[in-house]
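Quick note on labels: first sequence line is chain A, next is B, and so on, each numbered from 1. Only a predicted model underlies this, so the values are computations on that prediction, with no experimental measurement involved.
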Number of protein chains: 2
Amino acid sequence: MRIVVATCAVDYSGRLSAHLPLAPRVLMVKADGSVLVHSDGGSYKPLNWMSPPCTLKVSEPTADQAEQGVTVVWTVSATKTDDKLVVSLHDVVHDSAHELGVDPGLQKDGVEAHLQKLLAEQVELVGTGHTLVRREFPTAIGPVDLMVRVPGRAGAASGASAATGVGGAVEVTVEVDTAATSHRHVAVEIKRRATIDAVEQLTRYLELLNRDPHLAPVRGVLAAQSIAPQARTLATDRGIDCLLLDYDAMRGVDDPDSRLF
Amino acid sequence: MRIVVATCAVDYSGRLSAHLPLAPRVLMVKADGSVLVHSDGGSYKPLNWMSPPCTLKVSEPTADQAEQGVTVVWTVSATKTDDKLVVSLHDVVHDSAHELGVDPGLQKDGVEAHLQKLLAEQVELVGTGHTLVRREFPTAIGPVDLMVRVPGRAGAASGASAATGVGGAVEVTVEVDTAATSHRHVAVEIKRRATIDAVEQLTRYLELLNRDPHLAPVRGVLAAQSIAPQARTLATDRGIDCLLLDYDAMRGVDDPDSRLF
DNA sequence: TCCTCTAGCTTGGAC
DNA sequence: GTCCAAGGTAGAGGA
């Protein structure tokens, strides 16, 4: 890792064009050749960067550039695309290099996968007596987070609602809604934070699942730690139920030893 | 900006829990107090970080920690949430600080807004003789990127297709499709890269717009620099046309002086 | 490899 | 402030 502190101007061209006026900044050159341009604020995201694989070429400034104070020019080119980053360095106040070796990597815990695991273990939150069919229930358009079986519905007529639903633009979910008393399964979509996208996703799953006479009618449940108002509205419109999850409470029920650390 | 190169272990707790084993890394402490932990590879994203506003507290290791080689402990706490980052430093091989000042900021060009501007100027790409009604055409659920008028359709019967379309789950768009010969307007959704989300978004707009007798029937066009295969499939299913945009070619037609640099 | 979805997303803009 | 959409999204995971 090479670290340079210098006054510089930066131009990026590629998927977009961007320009950074002359100012003091920190430049990082990683072992894989990638380059990061950081300012002294903002966030963890660099102002500009080049992702690997790429090559760094160091060159002398032109006479014009030298006259304007440029002492050296870095040209960073992506090897697979035509993205290019040009850094014009003026005063360099620091320049050091360090051997770091390969990082052993990050261990994570607590994301959506954990929510899914917890809700799978506490599936009664979806409905009394409900049992888990499986996590990541496969469909033609991707896996449903949880597929749940409703108790005491083995003999329910799967076609009971066929005559009532079909109608407007959201008829698929109207059908689900009007068949509420004879649901045999529940498809659960789990998000940390649910937006409209999650409702659309679940709607696609339900549309498909409700074509299967072995499953239909399938109720939809959107389960999340937080649900955006527009997502809740759209879900309600489509007869999808919303389930707010309390991560801490669910984790409290869970065996603490099952956590990574 | 303070830059430290040191062997360290890191623990983060907050929205998730994460742990970094002992290894050499680069630590950046920005003027706003934010902290970044970088390895010598990967991407521009740090392995761990703390966003401002936060506070950094430096403390001596406990006797146990000192025995294991820890020389100093950084505790970075978010001020608004209970996020916490604990960095246990062992050998410090570099430690320097630099005054950078406030960055003048990034100038950008070439994103979706520019695509929209270009297509508005070159609206005949949507269809021969088509004219622009307006950009950001307002609807109850948000603005449509471009609303376009089809030539010579003033007298076309808006209900001509009513008897043909209604059928399966996607009948709204089937209706749009079968009415192709009598469209009076075109709603254009513009993306740099179109995914299924874009199709869903345009579908919602079309469903709404086609209720308006002054506009209906409204054809849908998904215009993008690249279109994901599944998005194309879904769009085709729903009678939405796909239009691949060549940004460079469109920019060539455009006045080069209108670009930022 | 391509394609999808998640992310401690981040960030900007509208309301 | 909240909420939503875009990102040079990046990165993981599955087909």
Rounding to an integer number of Å, can you tell me how far [X] [atom1] sits from [N] [atom2]?
| X | N | atom1 | atom2 | answer |
| --- | --- | --- | --- | --- |
| A/Gln225 | C/dG8 | CD | C1' | 12 Å |
| B/Lys45 | C/dA7 | NZ | P | 10 Å |
| A/Leu234 | D/dC3 | CG | C1' | 15 Å |
| A/Arg135 | D/dG14 | CZ | P | 12 Å |
| A/Glu189 | C/dT6 | CD | C1' | 11 Å |
| A/Asp145 | C/dT6 | CG | P | 7 Å |
| A/Glu136 | C/dT6 | CD | C1' | 12 Å |
| A/Ile190 | C/dA7 | CD1 | C1' | 17 Å |

Report task. Please work out which of the three classes, parallel, tilted or perpendicular, describes the rings of A/Tyr44 and B/Trp49, given edges at 30° and 60°. Result ->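 It falls in the tilted class, 30° to 60°.
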
Query raised in the report: Between A/His38 and B/His38, how do the two ring planes meet: parallel, tilted or perpendicular, split at 30° and 60°?
Result: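 Rings of A/His38 and B/His38: perpendicular, over 60°.
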
**Report entry** Value rounded to 0.5 Å, distance of NE2 in B/His185 from CG in B/Asp212
**Finding:**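 With rounding to 0.5 Å, NE2 (B/His185) is 9.0 Å from CG (B/Asp212).
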
Query raised in the report: Do A/His19 and A/Tyr12 have their ring centres less than 6.0 Å from each other?
Result: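 Not close enough - the centres of the two rings lie 6.0 Å or further apart.
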
Report task. Please examine the side chains of B/Thr55 and B/Val76, heavy atoms only from C-beta on, and report whether any two atoms are closer than 4.5 Å. Result ->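 Counting from C-beta outward, B/Val76 and B/Thr55 never come under 4.5 Å.
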
Requested in this report: Run the salt-bridge test on A/Glu207 and A/Arg211 with the 4.0 Å N-O cut-off and return the result as yes or no.
Outcome: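 Yes, A/Glu207 and A/Arg211 are salt-bridged.
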
Report task. Evaluate the side chain to side chain donor-acceptor pair (under 3.5 Å) criterion for residues A/Arg193 and A/Gln225: first the C-alpha distance (whole Å), next the side-chain angles of each, then the deciding distance (0.1 Å), finally the verdict. Result -> CA-CA 6 Å; A/Arg193 173 174 168 75; A/Gln225 279 186 279; over 6 Å; no

Query raised in the report: Using the P atom in both, what is the distance from D/dC4 to D/dG8, to the nearest Å?
Result: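 Looking at atom P only, D/dC4 and D/dG8 are 22 Å apart.
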
**Report entry** Nearest-nucleotide comparison on DNA chain D, the residue closer to the 5′ end among A/Thr195 and B/Tyr44
**Finding:**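 The residue mapped nearer the 5' terminus is A/Thr195.
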
List every contact pair, protein side and nucleotides 1-5 of chain C side both N or O, where the distance is under 3.5 Å.
unit_1 : atom_1 : unit_2   : atom_2 : d
C/dT4  : OP1    : B/Gln230 : N      : 3.3

Report task. Verify the contact: side-chain N or O of A/Lys84 to OP1 or OP2 of D/dG8, cut-off strictly under 4.0 Å; return yes or no. Result ->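 For D/dG8, neither OP1 nor OP2 has a side-chain N or O of A/Lys84 closer than 4.0 Å.
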
Query raised in the report: Ring stacking, A/Tyr12 with base of D/dG8, under 5.5 Å and under 30°?
Result: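 Check passed, A/Tyr12 stacks on base of D/dG8.
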
